[in-house]
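Comments concern the structure below.
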Amino acid sequence: MKLKFELVKKDGKTNGRLGKITYQNQVYETPMFMPVGTQATVKTLSPEEVKDAHAGIILANTYHLWLRPGDDIIKKAGGLHKFMNYNGPILTDSGGFQVFSLANPKDISEEGVKFKNQYNGDELLLTPEKSIEIQENLGSDIIMSFDECPPASASYDYLKNSVLRTLRWAKRGKDFHSNPDQLLFGIVQGGAHEDLRKLSALKLVEMDFDGYSIGGVANDHESKEDMYKAFSYSTKYLPENKLRYAMGIGEPIDIIEGVIRGIDIFDCVSPTRLARHGHALTKYGKINLKNAKYKDDFSPISSDCDCYACQNYSKAYIKHLINAEETFGARLLSIHNIRFLTSLTENIRESIKNDSLLEYRDEFIKNYYGDNHE
RNA sequence: GCGGAAUUGGUGAAGUGGUUAACACACUAGAUUGUGGCUCUAGCAUGCGUGGGUUCGACUCCCACAUUUCGCC
């Protein structure tokens with residue numbers, strides 16, 4: 001039942017790593033992209049479609065499932081896997097991101113974070129212990145410590161205090177955690193400051209978590225430079241034999257740059273959110289199918305893509321579905337965009353095997369940001 | 001045939017004798033990184049059925065015509 005990680009190979013020229021996750025007799029390779037299914041569903045997709053897009057681990061969210069339908073209901077259903085009929089690995093976020101996106105600074109205290117239940121107005125308190133308890137009820141395979149995810153624009157002093165509190169929260173969560181079948185990850189914070197990232201990482205490593213996440217990235221219009229610093233300053237102090245997870249990343253180039261800096265797994269809402277807004281990821285950049293020029297373009301999104309959408313449908317048809325607000329359009333684009341990112345990580349893995357990750361990055365940039373078109 | 005009412009952008013429409021014709025939808029672009037599918041940003045009538053007239057000035061007032069619509073023969 002317990003998920004295991006093994007480091008297989010390191011890239012010759014970068015900090016890129018090839019790894020292997022074993023879960024219920026299935027092997028999943030890293031670097032890996034994980035689609036997000038906040039409310040126990042990858043929006044618009046069935047579990048079969050998620051797997052057909054070559055996804056392995058998927059995400060769900062503590063905060064959302066706590067409020068609805070309630071972790072007690074999911075526990076009663078026999079856990080998240082049974083409830084949503086997904087037999088691959090599931091990772092849950094702790095609710096820490098909702099501290100960033102939903103709570104006011106004044107609602108954050110040493111004890112935890114106060115939220116207002118958006119459905120009935122009840123006042124709720126999410127604490128490090130409560131977050132772990134919920135995640136244990138959900139029965140996910142990888143669970144996150146409850147952290148504060150501060151905005152990138154926060155001051156050094158704020159970040160430092162936040163890092164220290166998040167470390168205390170990590171300790172409380174770890175002490176509370178009781179299910180050995182669930183891997184518990186600590187979350188490294190500290191913005192783009194090396195001393196804070198170092199402090200955060202080393203203290204977490206001292207507590208000996210099952211894996212380590214890098215949080216507080218891609219928030220608040222943070223620059224890419226700062227994001228990549230946060231990656232480097234974090235992985236530098238993390239053990240090699242544990243998974244490193246960049247939370248909420250993301251864009252294809254950020255995944256590549258993350259791998260170069262030693263990160264193994266990534267999650268992001270972008271493939272499915274972009275899909276719902278009519279965008280498709282391609283080797284030659286992001287395209288907007290709402291654009292009028294696609295109205296009579298009967299070619300697939302990508303001629304070399306093996307996904308269900310590209311094998312069977314044209315840009316013109318998908319554009320029509322998006323314009324008509326038919327959910328099938330969002331579904332086809334979600335399948336394609338997820339497949340694009342899983343395919344990207346397949347290419348990354350292949351290039352690590354050949355010690356050619358940097359060359360792969362340069363070629364990717366040339367195509368993705370160049371003015372080539374299919 | 002007679003009488004009444006109406007005619008503003010792709011659509012539904014507001015509007016006043018005097019700067020750049022409200023608003024909404026649609027449309028055209030853009031944004032979206034540990035998910036509300038929400039949302040946000042920008043653009044979009046050089047013109048108010050057509051032709052005359054009154055006026056310093058008309059989408060607004062007057063006349064004719066066209067079209068639509070209602071009622072009566």
Side-chain angles (χ1 to χ4, degrees), chain A residues 33-45 57-65 67-68 90-103 118-119 131 135 140 142-152 166 185-189 211-224 226-228 230-231 244-258 263 265-281 285-295 319 321-331 333-334 337-338 341:
Chain A
F33 174 77
M34 311 181 288
V36 176
T38 302
Q39 314 216 55
T41 172
V42 178
K43 292 185 192 295
T44 74
L45 301 186
I57 303 175
I58 62 171
L59 258 76
N61 190 292
T62 296
Y63 173 80
H64 298 263
L65 297 175
L67 266 57
R68 187 171 65 186
I90 299 176
L91 181 155
T92 42
D93 188 20
S94 60
F97 185 68
Q98 280 62 46
V99 178
F100 164 72
S101 64
L102 300 175
Q118 57 186 287
Y119 305 115
S131 176
Q135 294 184 77
S140 43
I142 301 177
I143 68 178
M144 293 297 121
S145 296
F146 187 60
D147 67 324
E148 181 190 359
C149 182
T166 288
F185 281 32
I187 302 178
V188 181
Q189 290 286 356
Y212 299 91
S213 306
I214 293 154
V217 283
N219 291 338
D220 208 16
H221 304 95
E222 171 198 45
S223 72
K224 287 202 185 295
D226 281 352
M227 184 196 302
Y228 301 157
F231 292 159
R244 291 99 169 257
Y245 161 34
M247 307 185 79
I249 306 301
E251 288 180 15
I253 188 59
D254 296 338
I255 292 175
I256 297 172
E257 296 289 358
I263 291 160
I265 58 177
F266 303 83
D267 81 287
C268 192
V269 302
S270 85
T272 45
R273 178 183 288 164
L274 288 174
R276 275 177 262 117
H277 290 68
H279 295 77
L281 297 169
K286 186 177 76 180
I287 65 172
N288 185 355
L289 286 173
K290 286 183 176 174
N291 289 357
K293 63 183 172 185
Y294 297 115
K295 67 176 187 287
K319 172 185 171 47
L321 295 176
I322 294 293
N323 276 11
E325 295 178 47
E326 287 290 344
T327 56
F328 191 45
R331 183 167 150 208
L333 283 176
S334 293
N337 286 343
I338 290 173
L341 292 179

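Each chain gets a letter, A, B and so on, in the order the sequences are listed, and its residues count up from 1.
Side chain of A292(A), nearest nucleotide from U33(B), A26(B), A29(B): A29(B).
Comparing the same atom, C1', in A5(B) and in A31(B) gives a spacing of 48 Å after rounding to whole Å. U19(B) and G3(B) have their P atoms separated by 37 Å, given to the nearest Å. Here, U50(B) and G43(B) have their P atoms 28 Å apart, quoted to the whole Å. Between C27(B) and G9(B), the distance separating the two C1' atoms is 12 Å to the nearest Å. A13(B) and C59(B) have their C1' atoms separated by 15 Å, given to the nearest Å. For the C1' atoms, the distance from A66(B) to G49(B) is 8 Å, rounded to whole Å.
At least one side-chain nitrogen or oxygen of N291(A) sits closer than 4.0 Å to the OP1 or OP2 atom of A29(B). Regarding contacts with the backbone of A29(B), every side-chain N or O of K293(A) stays at 4.0 angstrom or more from both OP1 and OP2. Close to A31(B), at under 4.0 Å from its OP1 or OP2, lies no side-chain N or O of N288(A).
Using a 4.0 Å heavy-atom cutoff across all strands shown, I187(A) reaches at least one base atom of the nucleic acid. Using a 4.0 Å heavy-atom criterion, one finds that H64(A) contacts the sugar-phosphate atoms exclusively. Within 4.0 Å of D254(A), counting heavy atoms only, lies at least one base atom of the nucleic acid. E222(A) comes within contact range of no nucleotide atom at all, as no heavy-atom separation falls under 4.0 Å. In this structure, K295(A) reaches neither bases nor backbone, as no heavy-atom distance under 4.0 Å exists between it and the strands shown. At a threshold of 4.0 angstrom between heavy atoms, the contacts of D147(A) include nucleobase atoms, whether or not backbone atoms are also involved. G37(A) comes within 4.0 angstrom of no nucleic acid atom, judged by non-hydrogen atoms across all strands.
The nearest whole Å value for the distance from the NZ atom in K290(A) to the P atom in A31(B) is 12 Å. Residue I322(A) contributes atom CD1, which lies 15 Å from atom P of G30(B) at whole-angstrom precision. Taking atom OH on Y294(A) and atom C1' on U28(B), their separation rounds to 15 Å, with Å as the unit. Rounded to an integer number of Å, the gap from CG of N323(A) to P of A26(B) is 11 Å. In this structure, the CD atom of Q118(A) is 16 Å from the P atom of C38(B), given to the nearest Å. Following rounding to the nearest Å, I287(A) (CD1) and U32(B) (P) show an atom-to-atom distance of 16 Å. We find that NE2 of H277(A) is positioned 9 Å from C1' of C40(B), with the value rounded to whole Å. Rounded to an integer number of Å, the gap from CZ of R276(A) to P of U39(B) is 13 Å.
One cannot find a donor-acceptor pair under 3.5 Å joining the base of U32(B) and the side-chain atoms of K286(A).
Judged purely by distance below 3.5 Å, without hydrogens or angles, the side chains of Y245(A) and D267(A) pair a donor atom with an acceptor atom.
Between K224(A) and E251(A) there is a salt bridge, since at least one side-chain N of the basic residue sits less than 4.0 Å from a carboxylate O of the acidic one.
E222(A) and G216(A) get closest at one heavy-atom pair: OE2-O, 4.0 Å. Considering all non-hydrogen atoms of both residues, G95(A) and T62(A) come closest at N-CB, 4.1 Å.
Taking the side chain as every heavy atom from C-beta outward, S334(A) and K43(A) never approach each other to under 4.5 Å.
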Candidate pair T92(A) and Q135(A), rule side chain to side chain donor-acceptor pair (under 3.5 Å), full reasoning: CA-CA 7 Å; T92(A) 42; Q135(A) 294 184 77; 2.8 Å; yes

